[in-house]
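Presented below is the structure to which this report refers.
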Amino acid sequence: MLNESELKEIITKAAQSQIGEDGLAGVECEPVIGMDGREVLRVVLVLTKLGDGRMHGRRALDMLVTVRRSLEEGNEERFPVVEYKIGGEDEDDGDEDAD
């Protein structure tokens, strides 16, 4: 299994190959237990507004495939479960302007 910095480097390169360097704000990854009881890799791709605008249909699928293949080539055994979010989004999705 790869360590966190190796994972982030591989995932970053794979994602940027699909949406460009200016489309990706960051990568988060952590091991979690999957539905079958095995460890999987939770990957969150933090997109910029530009990256979000580029994520549609075929490109989203291509990114998933590219990330998975890149991890396999790096000998990562855990299956990646990929999520997306826009950089700067609050975790609670609350309205900051509400009083």
Side-chain angles (χ1 to χ4, degrees):
M1 285 190 286
L2 300 170
N3 66 42
E4 186 176 353
S5 64
E6 292 170 323
L7 288 168
K8 286 184 176 182
E9 181 179 346
I10 289 170
I11 295 165
T12 297
K13 287 180 181 177
Q16 287 176 340
S17 75
Q18 295 297 314
I19 60 170
E21 289 182 24
D22 59 352
L24 187 69
V27 171
E28 301 168 9
C29 58
E30 65 179 338
V32 297
I33 301 301
M35 291 175 30
D36 63 357
R38 295 183 191 164
E39 192 172 282
V40 297
L41 189 62
R42 178 178 178 257
V43 175
V44 179
L45 299 175
V46 183
L47 306 176
T48 64
K49 296 280 186 193
L50 280 173
D52 182 47
R54 295 176 185 152
M55 278 303 260
H56 52 80
R58 182 63 189 212
R59 183 162 286 166
L61 178 60
D62 288 347
M63 181 168 320
L64 292 173
V65 171
T66 301
V67 167
R68 180 161 183 201
R69 285 185 181 157
S70 296
L71 289 170
E72 286 176 350
E73 289 170 5
N75 294 319
E76 177 55 54
E77 300 166 358
R78 297 170 288 187
F79 184 83
V81 177
V82 181
E83 302 172 30
Y84 305 97
K85 76 176 184 179
I86 307 303
E89 282 185 347
D90 291 328
E91 293 296 321
D92 63 3
D93 292 325
D95 185 6
E96 294 178 21
D97 295 329
D99 288 331

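Note that the coordinates shown come from a computational prediction; the quantities given were computed from them, not determined experimentally.
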I'd like to know if E73 and R69 make a salt bridge, using a cut-off of under 4.0 Å between side-chain N and carboxylate O.
no
List the steps and the verdict of side-chain contact (heavy atoms from CB on, under 4.5 Å) for L47 and M55.
CA-CA 9 Å; L47 306 176; M55 278 303 260; 3.5 Å; yes
In Å and rounded to the nearest 0.5 Å, what is the NZ to CG distance from K85 to D52?
13.5 Å
So, using salt bridge (charged side-chain N to carboxylate O under 4.0 Å, His left out) as the criterion, who are the partners of E4 when residues are at least two apart?
K8
Could you tell me which residues satisfy side chain to side chain donor-acceptor pair (under 3.5 Å) with D22, sequence neighbours excluded, listed by chain and number?
R54
Same apolar cluster: I86 and M63, side chain cutoff 4.5 Å:
yes
Taking only residues two or more places apart in sequence, or in another chain, which ones meet K49 in a salt bridge (charged side-chain N to carboxylate O under 4.0 Å, His left out)?
none
Output all residues satisfying side chain to side chain contact (heavy atoms under 4.5 Å, CB included) with E21, sequence neighbours left out; order by chain, then residue number.
Q16
With sequence neighbours excluded, what pairs up with T66 under the side chain to side chain donor-acceptor pair (under 3.5 Å) test?
Q18
Separation between CG (L2) and SG (C29), nearest 0.5 Å, reads 9.5 Å
Going by salt bridge (charged side-chain N to carboxylate O under 4.0 Å, His left out), name the residues that satisfy it together with E9, two or more places apart in sequence or in a different chain.
K13
Solution key, residues 34-43 side-chain donor-acceptor pairs under 3.5 Å, sequence neighbours excluded:
from : atom 1 : to  : atom 2 : distance (Å)
D36  : OD1    : R38 : N      : 3.0
E39  : OE2    : R78 : NH1    : 3.0
R42  : NE     : E83 : OE2    : 3.0
R42  : NH1    : E30 : OE2    : 3.0
R42  : NH2    : E83 : OE1    : 3.3

For the residue pair L71 and I10, establish whether any side-chain heavy-atom pair is separated by less than 4.5 Å.
yes
Is it possible for you to say whether F79 and L64 belong to one hydrophobic cluster, with membership spreading through side-chain heavy-atom contacts below 4.5 Å?
no
V81, V67: one ILVMFWY side-chain cluster at the under-4.5 Å cut-off?
no
By salt bridge (charged side-chain N to carboxylate O under 4.0 Å, His left out) - contacts of D62 (at least two apart)
R58
Single-linkage hydrophobic cluster, 4.5 Å side-chain cutoff, V27 and L50 together
no
Checking side-chain contact (heavy atoms from CB on, under 4.5 Å) for the pair T48/L24: CA distance, chi angles, key distance, verdict?
CA-CA 6 Å; T48 64; L24 187 69; over 6 Å; no
